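Heads up, the thing below is written out as structure tokens.
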Amino acid sequence: MTESTPSATSNESPGSAEQALPTVYDPGAVEAPVYERWVERGYFEADDTSDKPPFCIVIPPPNVTGSLHLGHAFEHTLIDALIRRRRMQGYEALWMPGMDHAGIATQNVVERELAKEGVSRHDLGREAFVEKVWEWKERSGGMILGQMRRLGDGVAWSRERFTMDDGLSRAVQTIFKRLYDDELIYRAERIINWCVRCHTALSDIEVEHSDDEGELISIRYSDDVVVATTRAETMLGDTAVAVHPDDERYQHLIGTEVELPLTGRKIPVIADAHVDPSFGSGMVKVTPAHDPNDFEIGRRHDLPQLTIMDERGVITASGPFEGLDRFEARPAVVAALREQGRIVSEKRPYLHAVGHCSRCKTVVEPRLSLQWWVRVGPLAKAAGDAVRDGRVAIHPKSMESRWFGWVDDMHDWCISRQLWWGHRIPVWYGPDGEVVCVGPDDEPPSGEGWQQDEDVLDTWFSSALWPFSTLGWPDETPALAKFYPNQVLVTGYDILFFWVARMMMFGLYANADNGPERAIPFHTIALHGMVRDKHGKKMSKSFGNAVDPLEWMDAYGSDALRFTLARGANPGVDVPIGEDWVQASRNFCNKLWNATRFALMSGAKVGELPPAEQLSAPDRWILSRLHATLAEVDAFYEDYQFAKACDALYHFAWDEFCDWYVELAKTPLNEGGDAAERTRLVLGHVLDHLLRMLHPVTPFVTEVLWTTLTGDESVVVATWPVADADAHSDAVAESGVEELKRLVTEIRRFRSDQGLKPGQRVAARLDGMAGVPAAHEAEIRSLTRLNTPDEGFTSSASLTVGGVTIELDLSGAVDVEAERKRLTKDLAAERKALEQSDRKLGNEQFLAKAPEAEVEKVRARRATAEAEIARLEAQLDRLAAR
RNA sequence: GGGCGCAUAGCUCAGGGGUAGAGCGCCGGUCUUACAAACCGGAGGUCGUUGGUUCGAAACCAACUGCGCCCA
């Protein structure tokens with residue numbers, strides 16, 4: 001199928017009009033070679049030393065185990081559009097690519113692979129296992145990078161980074177040491193979210209809550225003491241019962257002891273304000289080692305912390321339940337209590353919030369353990385302030401409240417993970433209890449008894465450094481100097497807490513020496529929504545509505561997918577997407593293709609436009625509209641309104657340029673001579689601008705068309721069109737063409753009502769054309785298929801539009817009824833308008849209080865209605881007379 | 001339980017103090033020499049409910065109902 005490949009994709013002689021583009025755009029034939037040529041020519045690379053203004057966006061690093069899903073495709077489309085436009089505008093544009101190492105996910109993948117061979121990571125040992133992970137990464141990781149090429153992502157491939165590479169690991173160690181020395185990192189025993197499957201701690205935000213069906217069991221500990229719980233097995237670890245200090249019902253119990261069933265232990269009844277007296281009996285069991293709230297109560301009252309479960313979720317408390325899994329122990333404990341007659345009530349099912357590991361969905365177990373933490377207080381305060389004082393802007397602004405709600409009430413961040421894949425905590429413990437934090441250039445302590453901490457850091461810890469670690473930090477590299485702070489961060493609102501907050505905290509902290517203005521990681525946070533299915537439902541594999549973007553790219557082309565996503569991108573709002581819409585975008589690309597094809601066949605060329613006075617009204621109209629659209633598109637881009645920018649371009653390209661200008665252009669093109677030459681230049685001018693404007697969202701098709709049209713090297717490095725509304729704005733031409741369009745549409749309606757086939761030519765006489773500012777009779781006849789009358793002309797039907805009368809020769813076959821229906825309908829509409837205008841103008845309050853311009857508008861509407869009514873009534877009369 | 005957001009055409013969404021727009025879908029007609037992935041014409045909405053502000057509300061305010069999200 002090589003002959004169907006447009007020769008524009010090869011380098012020789014682009015722009016010669018005689019070369020035939022195929023009648024249908026075939027994305028599959030052009031995308032891959034076009035992309036590879038862009039990369040070869042280095043268009044996406046950036047120069048650290050240029051004096052162009054910087055424009056840098058770092059990729060939200062995809063997971064090394066992941067593949068491209070629609071969420072990526074969406075985000076990447078938006079970033080790529082911003083980057084490409086800025087590059088065309090003359091910025092030094094850099095889109096930094098890379099991936100994160102996804103500690104838990106990656107370790108899981110490799111462990112699963114090993115398990116197939118019956119090997120566990122413990123069989124291999126730490127070092128060999130990590131080696132295996134690296135091998136896996138080289139072999140199977142980063143599938144997404146190839147898929148990004150398919151999408152057309154203009155990233156600077158030579159700068160690709162990975163959170164586990166040497167430079168970024170050094171950045172991690174550097175900041176750990178600094179935070180440690182500043183006492184912003186500490187080690188403490190707390191209740192953490194423990195995943196019994198992944199065998200690691202999770203931070204709060206790695207836990208997803210859902211309302212699950214469980215049970216609420218009320219247990220009688222003694223005659224006076226009844227507590228309710230959804231996790232009955234934890235009662236084995238109770239070390240107190242608590243009531244509210246002001247609860248009159250239980251004053252007499254405070255300070256007494258009660259025997260804990262099944263264990264025989266005596267535990268105190270204490271008073272704590274945390275207890276909600278209105279919930280259940282108003283008494284709660286307190287299990288400090290297995291519940292975060294109970295942990296706090298336990299600390300306030302100095303209660304023992306009794307751990308009754310191991311890291312697999314298996315009961316360790318001695319007794320009959322020892323060795324049972326937590327979910328086996330639960331009914332077993334309830335059964336044992338029931339046997340003793342201690343079950344007061346059981347509510348089942350009982351809907352309550354349950355935390356799940358965001359990676360493997362296992363129910364999280366609150367667990368007391370020794371972990372490393374970031375003291376976020378001052379860091380989060382700084383992150384909040386940066387937005388509060390305007391150094392960092394959040395788009396859309398309505399998302400700010402979400403931001404403040406989070407950073408102003410942030411809990412300390414648990415950063416240690418009990419994994420092997422990740423950045424190992426650079427802390428060493430000595431034989432005599434010494435603790436040494438080792439910086440990147442320090443020698444770790446060696447000798448008998450010294451040991452490094454076993455844990456690794458949360459993946460987000462390294463991702464938090466991404467905006468500057470990828471540019472070379474902590475070294476003072478030219479890249480860092482040029483591109484930090486980044487200009488924009490584009491990401492989903494769901495990740496504001498996960499990632500953005502962390503980048504803000506670490507960016508501001510690590511780069512504080514830059515001064516407040518340049519410490520920030522980025523100037524703007526542009527938030528987008530989630531991609532949803534065509535009915536607005538969340539996409540998920542389990543629900544079966546997930547879509548593989550690659551399938552759609554195969555079927556409709558990357559540009560079609562990109563355009564659909566960008567066109568749906570209202571700031572911070574979710575984007576529903578369905579195959580129909582991608583198909584529609586494909587059709588749009590094909591429309592552009594064919595419009596350009598027509599223009600090229602007509603000899604369109606890019607050159608200096610003739611002065612305005614030599615241009616026709618349609619010429620001046622389309623130029624006026626073009627530059628108005630350009631100005632609009634610019635304004636929308638500056639405000640991250642991708643949907644509106646795309647809509648404006650779609651509307652201009654299809655409804656104005658293709659449907660009207662191109663059709664109008666056929667008349668002068670057929671005429672030949674100066675008129676045709678002039679039209680070729682206007683066609684070339686409009687297409688040149690339009691294709692450049694569309695390039696950021698539909699890079700492939702515009703590349704082929706634009707290089708063919710202009711003969712230039714690549715639209716990637718073309719300049720962004722500058723809106724010149726002053727030079728081209730032409731209100732007279734605009735209203736003239738509007739009137740012409742109205743005339744044409746009215747004639748077409750008439751033809752349609754009369755049952756004339758669209759292509760069927762009939763003779764007609766046009767009178768009163770002098771009254772139409774854009775009196776282009778030849779164009780009007782061409783658009784309405786009306787021949788000039790010859791000797792045998794007999795008028796058998798007529799209509800009037802404005803001051804124009806159209807007499808048609810329908811050879812007697814006039815459908816009077818259809819005409820009457822239409823006229824009656826129009827008349828009713830005008831009468832209604834008249835009535836409404838009269839009502840307003842008869843309202844003295846309206847006349848007195850409404851602005852003059854508004855009153856004037858209603859008067860004008862009334863006048864139009866009156867004239868139209870007269871016209872329609874006259875036509876109806878004439879019809880009746882026939 | 002706390003907070004936030006959304007209710008506009010069959011579907012998905014824009015809009016925004018002067019009585020409504022788009023895309024897709026739908027109906028009728030066309031292979032009219034760029035494009036049937038197209039062209040021409042058409043139908044379709046008391047802008048969730050109830051109050052209030054205003055000369056005027058779909059738009060602003062309040063309550064209610066329904067849906068969604070985040071946090072506990």
Side-chain angles (χ1 to χ4, degrees), chain A residues 20-26 204-205 208-209 276 278-279 292-293 352-353 355 398-399 401-402 405-406 409 493-494 496-497 529-530 532-538 556-557 560 564 567-568 570 572-602 604 641 643-644 646-648 650-651 654-655 658-659 662-663 665-666 670 744-761 782-785 822 825 832-833 836-837 839-840 843-851 853-855 857-858 861:
Chain A
L21 296 174
T23 57
V24 172
Y25 172 50
D26 177 10
D204 291 346
I205 55 180
E208 289 169 359
H209 293 270
D276 176 3
S278 66
F279 182 80
N293 291 323
H352 65 124
S398 55
M399 288 282 173
S401 56
R402 230 178 141 99
W406 175 253
D409 184 30
Y493 61 75
D494 60 324
L496 203 56
F497 319 136
M530 308 293 108
R532 294 171 171 272
D533 76 4
K534 62 190 294 189
H535 295 295
K537 287 215 183 66
K538 204 179 207 160
Y556 305 109
T564 306
R567 201 181 178 193
N570 290 114
V573 178
D574 290 348
V575 196
I577 184 171
E579 187 160 2
D580 289 356
W581 310 346
V582 186
Q583 204 170 67
S585 299
R586 183 271 312 261
N587 296 354
F588 176 63
C589 292
N590 193 50
K591 190 72 181 173
L592 286 175
W593 180 267
N594 274 292
T596 308
R597 202 163 74 89
F598 169 79
L600 290 169
M601 287 180 346
S602 307
Q641 306 250 30
K644 287 181 183 169
C646 290
D647 229 41
Y650 183 96
H651 176 254
W654 202 315
D655 301 342
C658 291
D659 283 355
V662 168
E663 293 306 322
K666 287 174 180 175
N670 284 337
V744 168
T745 302
E746 287 296 328
I747 296 172
R748 284 172 171 169
R749 284 174 76 187
F750 185 85
R751 287 181 55 115
S752 183
D753 288 348
Q754 289 298 317
L756 293 175
K757 311 292 177 206
Q760 190 179 339
R761 303 201 69 98
S782 154
L783 292 176
T784 54
R785 317 273 155 195
R822 154 62 26 86
K825 192 188 166 196
K832 190 176 170 205
Q836 282 168 344
S837 307
R839 200 182 313 139
K840 283 194 173 181
N843 181 345
E844 277 176 38
Q845 293 276 33
F846 174 72
L847 294 176
K849 294 189 176 172
E854 189 49 42
V855 177
K857 221 154 74 185
V858 177
R861 183 68 190 90

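Chain letters run A, B, ... following the sequence lines, proteins first, then strands; residues in each count from 1. Keep in mind that what you see is a predicted model, and the values were worked out from it rather than measured. Heavy atoms only: backbone and side chains are in, while hydrogens, waters and symmetry mates are out.
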Exercise. Contact class for A/Ala850 vs. all strands (heavy atom < 4.0 Å): base, sugar-phosphate, or nothing?
Worked result: base
Exercise. Rounded to whole angstroms, how far apart are CD on A/Gln754 and C1' on B/U30?
Worked result: 17 Å
Exercise. Less than 4.5 Å apart, any side-chain heavy atom of A/Cys658 and any of A/Lys591?
Worked result: yes
Exercise. What's the CG-P distance between A/Asp26 and B/A37, to the nearest Å?
Worked result: 15 Å
Exercise. A/Val573 near the nucleic acid: base, sugar-phosphate alone, or nothing, with a heavy-atom cut-off under 4.0 Å?
Worked result: sugar-phosphate
For this session: Look at all strands and tell whether A/Tyr25 reaches a base, only sugar-phosphate, or nothing, counting heavy atoms closer than 4.0 Å.
Result: base
Problem set entry | Polar side-chain contact A/Glu663-B/A34 base: donor and acceptor under 3.5 Å | yes
For this session: May I ask you to say what A/Cys589 touches in the nucleic acid, namely base, sugar-phosphate or nothing, with a heavy-atom cut-off under 4.0 Å?
Result: nothing
Exercise. What does A/Arg861 touch in the nucleic acid at a heavy-atom separation under 4.0 angstrom: a base, only the sugar-phosphate, or nothing?
Worked result: nothing
Exercise. Quick one: does A/Phe588's side chain get under 4.5 Å of A/Leu592's, heavy atoms only?
Worked result: yes
For this session: Counting Watson-Crick and G-U wobble pairs whose two distances are both under 3.5 Å, find the runs of 3 or more in a row that involve RNA chain B.
Result: B:1-7 with B:65-71, B:10-13 with B:21-24, B:26-30 with B:38-42, B:48-52 with B:60-64
Exercise. Of all residues at least two apart in sequence or in a different chain, which pass the side-chain contact (heavy atoms from CB on, under 4.5 Å) check with A/Arg785?
Worked result: A/Arg751, A/Arg761
For this session: Decide yes or no, distance alone: a donor-acceptor N/O pair under 3.5 angstrom between the base of B/U54 and the side-chain of A/Gln845.
Result: no
Exercise. Under 3.5 Å, is there an N or O donor on one side and an acceptor on the other linking the side chain of A/Lys534 and the base of B/C11?
Worked result: no
For this session: Name the nucleic acid region contacted by A/Lys644, choosing base, sugar-phosphate or nothing; use a 4.0 angstrom heavy-atom cut-off, strictly under.
Result: sugar-phosphate
Problem set entry | Whole-Å distance separating the CG atom of A/Leu496 from the C1' atom of B/C71 | 14 Å
Exercise. Within the structure shown, what part of the strands sits under 4.0 Å from A/Glu844 by heavy-atom distance: base, sugar-phosphate, or nothing?
Worked result: nothing
Exercise. Are side-chain N/O atoms of A/Tyr556 and A/Asn590 paired as donor and acceptor at under 3.5 Å?
Worked result: no
Problem set entry | C1' atoms of B/A38 and B/U32, separation to the nearest Å | 11 Å
For this session: Could you work out the separation of B/G5 and B/A63 based on their P atoms and round it to a whole Å?
Result: 13 Å
Problem set entry | Atom pair distance, as rounded to whole Å: CD in A/Gln760 and P in B/U30 | 10 Å
Exercise. Which part of the nucleic acid, if any, lies within reach of A/Arg749 when heavy atoms closer than 4.0 Å are counted: base, sugar-phosphate only, or nothing?
Worked result: sugar-phosphate
For this session: Looking only at side-chain atoms of A/Lys840, point me to the closest of B/U32, B/G18, B/A34.
Result: B/G18
Exercise. What integer distance in Å separates A/Gln583:CD from B/G25:P?
Worked result: 8 Å
Problem set entry | Proximal nucleotide (of B/C55, B/U19, B/C39) relative to the A/Lys591 side chain | B/C39
Exercise. Should A/Leu783 and A/Arg748 count as side-chain neighbours, where that means a heavy-atom distance under 4.5 Å?
Worked result: yes
Problem set entry | Contact check, side chains of A/Phe846 and A/Glu854, non-hydrogen atoms, under 4.5 Å | yes
Exercise. Considering only side-chain heavy atoms of A/Asp659, which listed nucleotide, B/C24, B/A37, B/C39, is closest?
Worked result: B/C39
For this session: Determine the interatomic distance between C1' on B/U8 and the same-named atom on B/G44; round to the nearest Å.
Result: 14 Å
Exercise. With side chains defined as the heavy atoms from C-beta onward, is the minimum distance between A/Tyr650 and A/Ser585 less than 4.5 Å?
Worked result: no
Seminar exercise, completed: Between A/Asp580 and A/Asp533, whichever has its closest RNA chain B nucleotide further toward 5' is A/Asp533
Problem set entry | A/Pro576, nearest nucleotide to its side chain (from B/C11, B/A37, B/C13) | B/C13
Problem set entry | Spacing of the C1' atoms in B/G25 and B/G42 (rounded, Å) | 14 Å
Seminar exercise, completed: Atom CZ of A/Arg532 and atom C1' of B/C11 are separated, to the nearest Å, by 16 Å
For this session: Remember a base hit wins even if backbone is also touched, and classify A/Glu208 as base, sugar-phosphate or nothing at under 4.0 Å, heavy atoms.
Result: nothing
Problem set entry | A/Lys538 side chain reached by A/Arg532 side chain, heavy atoms, under 4.5 Å | yes
Exercise. Is A/Asn570 touching bases, backbone alone, or none of the nucleic acid, heavy atoms closer than 4.0 Å?
Worked result: sugar-phosphate
Exercise. Does A/Trp654 place a side-chain N or O at less than 4.0 Å from the phosphate oxygens OP1/OP2 of B/A34?
Worked result: no
Exercise. To the side chain of A/Pro758, which of B/U30, B/G28, B/G18 is closest?
Worked result: B/U30
Exercise. With a 4.0 Å cut-off on heavy atoms, is A/Thr745 in touch with a base, just the backbone sugar-phosphate, or nothing at all?
Worked result: sugar-phosphate
Exercise. Can a side chain N or O of A/Asn587 be found less than 4.0 Å away from OP1 or OP2 on B/C35?
Worked result: no
Exercise. Where is the tightest heavy-atom contact between A/Pro576 and A/Asp533, given as atom of each residue plus distance?
Worked result: CB-O, 3.3 Å
For this session: Answer yes or no: is there a side-chain heavy-atom contact under 4.5 Å between A/Arg402 and A/Phe497?
Result: yes
Problem set entry | Rounded distance in Å between the P positions of B/A58 and B/U53 | 15 Å
Problem set entry | Shortest side-chain distance from A/Trp581, nucleotide among B/U12, B/U19, B/G42 | B/U12
For this session: Report yes if a side-chain nitrogen or oxygen of A/Lys538 is closer than 4.0 Å to either non-bridging phosphate oxygen (OP1 or OP2) of B/G68; otherwise report no.
Result: no
Problem set entry | C1' atoms of B/G45 and B/C40, separation to the nearest Å | 25 Å
For this session: Provide the distance between the two P atoms, one in B/G52 and one in B/G16, to the nearest whole Å.
Result: 27 Å
For this session: Using a heavy-atom cut-off of under 4.0 Å over every strand shown, decide if A/Ala848 touches base, sugar-phosphate, or nothing.
Result: nothing
Seminar exercise, completed: Looking only at heavy atoms, the pair that brings A/Asn570 and A/Ala643 closest together is ND2-CB, 3.5 Å
Exercise. For the side chain of A/Pro851, counting heavy atoms from C-beta on, which of B/G18, B/C55, B/G23 is nearest?
Worked result: B/G18
Exercise. Taking the side chain of A/His535 as its heavy atoms from C-beta onward, which of B/U12, B/G42, B/C55 lies nearest to it?
Worked result: B/U12
For this session: Please state how far atom NE2 in A/His209 lies from atom P in B/C70, giving the value in whole angstrom units.
Result: 11 Å
Problem set entry | OP1 or OP2 of B/U32 under 4.0 Å from side-chain N/O of A/Lys666 | no
Exercise. Taking the P atom of each, how far is B/A7 from B/G15, in whole Å?
Worked result: 9 Å
Problem set entry | Nearest listed nucleotide, side chain of A/Asn843, among B/G42, B/U19, B/C55 | B/C55
Exercise. When you measure from the side chain of A/Arg567, which nucleotide among B/C55, B/A34, B/G23 comes out closest?
Worked result: B/G23
Exercise. Please give, in whole Å, the distance from B/C39 P to A/Phe598 CZ?
Worked result: 14 Å
Exercise. With a 4.5 Å limit on heavy-atom distance, are the side chains of A/Phe598 and A/Val662 in contact?
Worked result: yes
For this session: Hey, which sits more toward the 5' end of RNA chain B by its nearest nucleotide, A/Val744 or A/Ala595?
Result: A/Ala595
